[in-house]
2 protein chains.
Amino acid sequence: MTVKQRELAGKILRRIESGEFSETNRLPTEDQLIEQYGVSRYCVRGAIAVLAEAGEVFPVRGSGVFVREERDGIYMPISTSYGIAADFPDRKVVSQVRELALTRTDEKLAKRMRCDVDAPVWRVVRLRCVDDLPVSYETAWYLKEYVPFLNEDIASGSLYRYMRDDLGLRFGFTDKVIHVDWLGAEAARQLGLKEGDPAICIEDDAFLSNGRLFNASYNLYHYRNARFYSMASMR
Amino acid sequence: MTVKQRELAGKILRRIESGEFSETNRLPTEDQLIEQYGVSRYCVRGAIAVLAEAGEVFPVRGSGVFVREERDGIYMPISTSYGIAADFPDRKVVSQVRELALTRTDEKLAKRMRCDVDAPVWRVVRLRCVDDLPVSYETAWYLKEYVPFLNEDIASGSLYRYMRDDLGLRFGFTDKVIHVDWLGAEAARQLGLKEGDPAICIEDDAFLSNGRLFNASYNLYHYRNARFYSMASMR
DNA sequence: TAGTGGTCTAGACCACAAA
DNA sequence: TTGTGGTCTAGACCACTAT
């Protein structure tokens, strides 16, 4: 969805959260929103789609757009790709860098990253915490071809923001594979769990907008502190 | 996405799979597709969005729509909601009914299903197999209010198709929560694993298009036979 | 029957990639 | 500079809900 539609969705969300619609549980009609914000129906429908995907509202044809009841608990959206920091704007998100080294791809990694063997890559291992709770232990590789420089200071912040704003990279899409894995000794120690404990594992391949892979990662999630949420339309 | 857009996406996908674009790895331009199929740009872009979400193509602004390399392995899309049968049209999907009973909600289930305590519900326990491999052990509850009749014959087929085509229910959306759980004795026996083995657990709440919950389920997935796939745009 | 969201068209202009 | 996909508008008609 576009910036304009997301901004409009934010404005509408603030009205929802203020309780403006809590009597009827219903948003203004599309025509009213067009009128109120001076935009086209395309934008209004885009904004409503953003809110629907986020699980905030559900549109019913012929009837209106209804506000959904609040969900309890804190979950990570499984489909977002801008990192934990963007998912939890209100929370204290800390990335502790456990390793940062410039190495080279072995055969297996080169195959996964669609590059030559011995290609220079940054290897970054981080423990991610939300509100002081360890949430994930992430091992990531970044092709030096696209990320020429990296240091601990940058890696302890939002790497994606650095790459986008400072390096000018434009992201395209990510592939994720989700499965169960078991914690090794070091991962368990970092997450405060026992070796051999199970974890949700998300393997993530991230591509630039030109279709080139620039980042692969292997992320182990704390089985208690991390839960995932996904909302899907059934049409 | 709409039926028309999905059908158009299917036509384009068949051309991709036939190898028609394998030289350039590039789809015809939007204008060419408009011309070829006699539809508007809206429909063409919708069809391309379907293919992009499915991980088949990626559009690059200013350049074209490119065919993605094939992915290896069999993964379940994490966001679809029409059941395993729809996800694997080419495979042998079998549902073995292990329990089917008309019971009543206890306090906890009533809270989850947003209904009264002691409301009549069908409880259905099924083992789902794909190509003779056990994939998931699913416990589901259906409110009798919306599903007045059910039997083993229906439950061993596609329940969703039955509800949609025979009962005339219209689906809206589902909420999923994904986390790790451990197999109990019975689930382990059914899946051919050991008690205490970990499993990906997806708790699924399904709503009708009018926003009413009609189905809750608790699904345990075989840690080896079931892997999930998710593709996300990073814009 | 009136009102609402869903689909579709035609056309404009913008941002970006590649020549 | 040209051609591509991305955003946005205006307007039409359809499918469905509610009365």
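Values below: every heavy atom of this structure, side chains too, minus hydrogens, waters and symmetry copies.
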Looking at the side chain of Arg170(B), which of dC8(C), dT7(D), dT17(D) is the nearest nucleotide?
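So the side chain of Arg170(B) is nearest to dT17(D).
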Nearest to the Val65(B) side chain among dG5(D), dG5(C), dT9(D), which nucleotide is it?
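So the nucleotide nearest the side chain must be dG5(D).
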Distance in angstrom units between [X] [atom1] and [N] [atom2], rounded:
X	N	atom1	atom2	value
Leu208(A)	dC16(C)	CG	P	15 Å
Asn210(B)	dT4(C)	CG	P	19 Å
Tyr42(B)	dA10(D)	OH	C1'	15 Å
Ile34(A)	dG3(C)	CD1	C1'	14 Å
Ile48(A)	dT7(C)	CD1	P	13 Å
Gln5(A)	dG6(D)	CD	C1'	11 Å
Gln32(B)	dG5(D)	CD	C1'	13 Å
Arg45(B)	dT9(C)	CZ	C1'	15 Å

Could you note down all residue pairs passing side chain to side chain donor-acceptor pair (under 3.5 Å) where residues 139-157 of chain A supplies at least one of them, sequence neighbours left out?
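For residues 139-157 of chain A, and leaving out neighbouring residues, the side chain to side chain donor-acceptor pair (under 3.5 Å) pairs sorted by first residue read Tyr146(A)-Arg212(A).
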Quick test of your reading: applying side chain to side chain donor-acceptor pair (under 3.5 Å), list the pairs with at least one residue in residues 33-54 of chain A, sequence neighbours left out, ordered by first then second residue.
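The answer is Arg15(A)-Gln36(A), Arg15(A)-Tyr37(A), Glu30(A)-Arg41(A), Glu30(A)-Arg45(A).
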Tell me, please, which residues at least two apart from [X] pass side chain to side chain donor-acceptor pair (under 3.5 Å).
X	answer
Asn219(B)	Ser217(B)
Ser95(B)	Arg128(B)
Arg161(B)	none
Arg112(A)	Asp205(A)

Check whether the side chains of Ser136(B) and Glu138(B) place a donor and an acceptor atom closer than 3.5 Å, and report yes or no.
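Yes, because at least one side-chain N or O of Ser136(B) sits under 3.5 Å from a partner of the opposite role on Glu138(B).
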Distance check: side-chain N/O of Ser63(A) vs OP1/OP2 of dG5(C), anything under 4.0 Å?
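No, outside the criterion.
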At less than 4.0 Å, is any side-chain N or O atom of Lys4(A) found next to OP1 or OP2 of dT9(D)? Yes or no.
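Answer is yes, contact under 4.0 Å.
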Pairing residues for Phe228(A) by the ring pair (Phe, Tyr, Trp, His ring centres under 6.0 Å) criterion, not counting sequence neighbours
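So Phe228(A) forms a ring pair (Phe, Tyr, Trp, His ring centres under 6.0 Å) with Tyr221(A).
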Set of residues satisfying ring pair (Phe, Tyr, Trp, His ring centres under 6.0 Å) with respect to Phe58(B), sequence neighbours excluded:
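Scan of Phe58(B) (ring pair (Phe, Tyr, Trp, His ring centres under 6.0 Å), adjacent residues dropped) gives Phe173(A), Phe66(B).
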Could you go through Phe171(A) and Phe207(A), starting from their C-alpha distance and side-chain angles, then the distance that decides it, and tell me whether this counts as ring-ring contact (aromatic ring centres under 6.0 Å, His included)?
CA-CA 6 Å; Phe171(A) 307 136; Phe207(A) 298 79; over 10 Å; no
Under-3.5 Å N/O pairs linking protein and nucleotides 13-15 of chain C:
| residue | atom | partner | partner atom | Å |
| --- | --- | --- | --- | --- |
| dA15(C) | O4' | Arg61(B) | NH1 | 2.9 |

Contacting residues from residues 11-30 of chain B, given that a heavy atom lies under 4.0 angstrom of DNA chain C
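Of all residues in residues 11-30 of chain B, none places a heavy atom under 4.0 Å from DNA chain C.
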Residues in salt bridge (charged side-chain N to carboxylate O under 4.0 Å, His left out) with Glu69(B), at least two apart?
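Glu69(B) satisfies salt bridge (charged side-chain N to carboxylate O under 4.0 Å, His left out) with Arg114(A) only.
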Salt bridge Asp175(A)-Arg68(B), side-chain N to carboxylate O under 4.0 Å:
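Salt bridge: yes.
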Can you list, by residue number, the residues of residues 50-58 of chain B that have a non-hydrogen atom closer than 4.0 angstrom to DNA chain D?
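Of all residues in residues 50-58 of chain B, none places a heavy atom under 4.0 Å from DNA chain D.
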Hey, which of these two, Cys43(A) or Phe66(A), hits DNA chain D nearer its 5' end, going by closest nucleotide?
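Upstream on the strand: Cys43(A).
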